[in-house]
J.: 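First, the structure itself, so that you have it in front of you.
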Amino acid sequence: MTTSTALGATITGWGTALPDIVVTNADFEARLDTTDEWITERTGIRERRHGGTTASLAVEAGRKALEMAGLTGADIDFILLATTTPDYQIPSTASQVQEELEINGGACDINAACSGFVYGLVQAHGLIAMGLKRILLVGAETLAKVTDQEDRNTAILFGNGAGAVVLEAVEGQGQLLSFDLGSDGTARELLDAPIGGYINMVGKEVFRKAVTVMVDSARTSLSDAHLTSDDLALVVPHQANIRIIEAACSRLDVPMDRVAVVLDRTGNTSSASIPLALVDAIEHGRVKRDDNVLLVGFGAGMSWASAIIRWTGRLPEENA
Ligand code: COA
């Protein structure tokens, strides 16, 4: 979809949170039938974080994003919280974050698995097109609690974390040039976790489908924005496996020096992974004014999402 509204949005603040407990590949090597070498070669992951609650991580990331935007919770009209690992079945984790950050207006969770942050980004733009002025969008996860820590197939992959952005209304199109959201419910059994249970995953099949849907979705967003991959300054992919990222980016003809990667330090943090990688790239000076940035993810569902942002918004002073 190409965006065409009188009211667009721009990102004016961002923040992240990672819990303190670092779980290294060596920690798994010590107690599971696995090795640091296998995990690093097959996934690119070296460590991930455990601990925290989804709300506590979301509050920390959200507070940083508000501070950077020079706002308080009272200035926010709506909080959208993308998560697959809410702290409670009822109510939404967003409602707890709303209380702690003293946010006005509506609050709800979005579950589109690892595509959740990009789904939320597009939904935030929709709310802004309807007249809301400022939205806090958070991706926050505590995947360690839904991962069987004795299962070498999944334990090594998933971690906890959060990333948040503040979106503010601007006249005209704003930052979002195009987006593509999709889901294939027939593939939902490839990755699921029953209520109260652990993640089950058909890893090889998820891998294969992930590369296909990322590439197709990215191409759709590029074409809708009348861009080619040469026009992309940065790709921020979902951080699941370095080999998935490399395969998808190779098919898109994007060299890895234009790709944001944090999974070596975070593992797969589902809804938090794209904002964690985006903020890392911004803070390392990898996003400049008017850069085209592609966000692209996939996840359980099987869901996928991509969005192209032209970075007209805030940047750290030295890059502006
Ligand atoms: N350490 C050592 N061996 C392991 C292992 C581990 N941590 N995990 C799995 N293995 C074994 C398997 O049991 C299998 O053994 P077998 O041949 O005796 O059955 C062997 O390694 C090869 O497994 P395979 O599934 O072919 O490995 P792979 O190269 O596909 O890598 C994944 C496995 C899970 C890393 C990979 O498939 C993947 O990343 N898939 C996508 C998962 C994903 O992104 N999920 C989140 C979606 S949002």
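In listed order, ligands and their atoms are each counted from 1.
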J.: Any idea which protein heavy atom is nearest atom 12 (C) of ligand 1, and the distance to it?
T.: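 The closest one turns out to be Arg152 NH2, 3.9 Å.
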J.: Please list, one pair per line, the donor and acceptor atoms closer than 3.5 Å that link side chains of residues 115-123 to other protein atoms, with sequence neighbours excluded.
T.:
from	atom 1	to	atom 2	distance (Å)
Ser115	OG	Ser303	O	3.3
Ser115	OG	Ser303	OG	2.8
Ser115	OG	Trp304	N	3.4
Tyr119	OH	Gly182	O	2.8

J.: Hey, are Asp224 and Ser221 close enough side-chain-wise for a donor-acceptor pair under 3.5 Å?
T.: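 Result is no, nothing qualifies.
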J.: Check Asn241 against ligand 1 and report side chain, backbone, both or neither, counting heavy atoms closer than 4.0 Å.
T.: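 The side chain, only.
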J.: Which atoms of ligand 1 have any heavy atom of Thr34 under 4.0 Å away?
T.: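 Per the distance check, 1 (N), 2 (C), 6 (C), 7 (N).
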J.: Please could you name the atoms of ligand 1 that Leu191 approaches to less than 4.0 Å, counting only its heavy atoms?
T.: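 Heavy-atom distances to Leu191 below 4.0 Å select 46 (C), 47 (C).
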J.: Is it true that Asp216 and Arg251 make a salt bridge, defined as a side-chain N closer than 4.0 Å to a carboxylate O?
T.: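 Salt bridge between Asp216 and Arg251, a charged N being under 4.0 Å from a carboxylate O: no.
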J.: Just need the protein heavy atom nearest to atom 29 (O) of ligand 1, so name the residue and atom and give the distance.
T.: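 Residue, atom and distance for the closest contact: Arg42 NH2, 2.6 Å.
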J.: Any non-hydrogen atom of Phe298 lying under 4.0 Å from ligand 1?
T.: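 The answer is yes: ligand 1 sits under 4.0 Å from a heavy atom of Phe298.
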J.: Closer than 4.0 Å and a protein heavy atom, does any atom meet both conditions relative to atom 17 (O) of ligand 1?
T.: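 Given the 4.0 Å limit, the answer for atom 17 (O) of ligand 1 is no, no protein heavy atom qualifies.
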J.: Backbone N or O of Ile45 within a donor-acceptor pair of the Asn25 side chain at under 3.5 Å?
T.: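 Yes, because the side chain of Asn25 sits within donor-acceptor range (under 3.5 Å) of the backbone of Ile45.
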J.: Among all protein heavy atoms, pick the one closest to atom 28 (P) of ligand 1 and tell me residue, atom and distance.
T.: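 The closest heavy atom on the protein side is Arg243 NH2, 3.7 Å.
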J.: Distance under 4.0 Å to a non-hydrogen atom of Ala240: what atoms of ligand 1 satisfy this?
T.: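 Those qualifying, in numeric order: 44 (O).
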J.: Measuring from the heavy atoms of Cys114, does anything fall under 4.0 Å of ligand 1?
T.: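 It does; at least one heavy atom falls under 4.0 Å.
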J.: Does Thr72 offer a backbone N or O that forms a donor-acceptor pair with the side chain of Asp75 under 3.5 Å?
T.: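 Between the backbone of Thr72 and the side chain of Asp75 there is a qualifying donor-acceptor contact (under 3.5 Å).
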J.: What do the steps show when you test Glu141 against Thr85 for side chain to side chain donor-acceptor pair (under 3.5 Å), and what is the final call?
T.: CA-CA 6 Å; Glu141 301 281 3; Thr85 47; 2.6 Å; yes
J.: Which atoms of ligand 1 are found less than 4.0 Å from any heavy atom of Met201?
T.: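 Counting from 1, the qualifying ligand atoms are 34 (C), 42 (C), 43 (C), 45 (N).
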J.: Show me the donor-acceptor pairs within less than 3.5 Å that the side chains of residues 255-263 make with the rest of the protein, sequence neighbours left out.
T.:
from	atom 1	to	atom 2	distance (Å)
Arg258	NH1	Ser229	O	3.2
Arg258	NH1	Leu232	O	2.6

J.: Given the protein's heavy atoms, is any one of them under 4.0 Å from atom 26 (O) of ligand 1?
T.: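 It does; a protein heavy atom is within 4.0 Å.
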J.: Check the side chains of Thr83 and Ser271 for a donor-acceptor pair under 3.5 angstrom, ignoring hydrogens and angles.
T.: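 There is no such pair between these side chains.
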J.: Tell me: protein heavy atom nearest atom 24 (P) of ligand 1, and distance?
T.: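 Looking only at protein heavy atoms, the one closest to atom 24 (P) of ligand 1 is Lys204 NZ, 3.7 Å.
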J.: For ligand 1, which atoms, with element, lie under 4.0 Å from some heavy atom of Ile244?
T.: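 Result: 41 (C), 44 (O).
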J.: Which heavy atom of the protein is the closest neighbour of atom 21 (O) of ligand 1, given with residue, atom name and distance?
T.: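 Protein heavy atom with the smallest distance to atom 21 (O) of ligand 1: Trp38 CZ2, 3.4 Å.
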J.: So, Glu246 and Arg243, do they make that salt bridge, N to O below 4.0 Å?
T.: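 Looking at Glu246 and Arg243, the cut-off is not met.
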J.: Short list, please: which atoms of ligand 1 are under 4.0 Å from a heavy atom of Thr43?
T.: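 This gives 35 (C) as the contact atoms.
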J.: Show which atoms of ligand 1 fall inside a sub-4.0 Å distance from at least one heavy-atom site of Asn268.
T.: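 Answer, ordered by atom number: 46 (C), 48 (S).
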J.: Of the side chain and backbone of Thr35, name the one, both, or neither that has a heavy atom under 4.0 Å from an atom of ligand 1.
T.: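 Contact part for Thr35 vs ligand 1: neither.
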J.: Answer yes when Arg63 and Glu67 have at least one side-chain N-carboxylate O distance shorter than 4.0 Å, and no when they do not.
T.: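 Looking at Glu67 together with Arg63, the answer is no, because their closest N to O distance does not fall below 4.0 Å.
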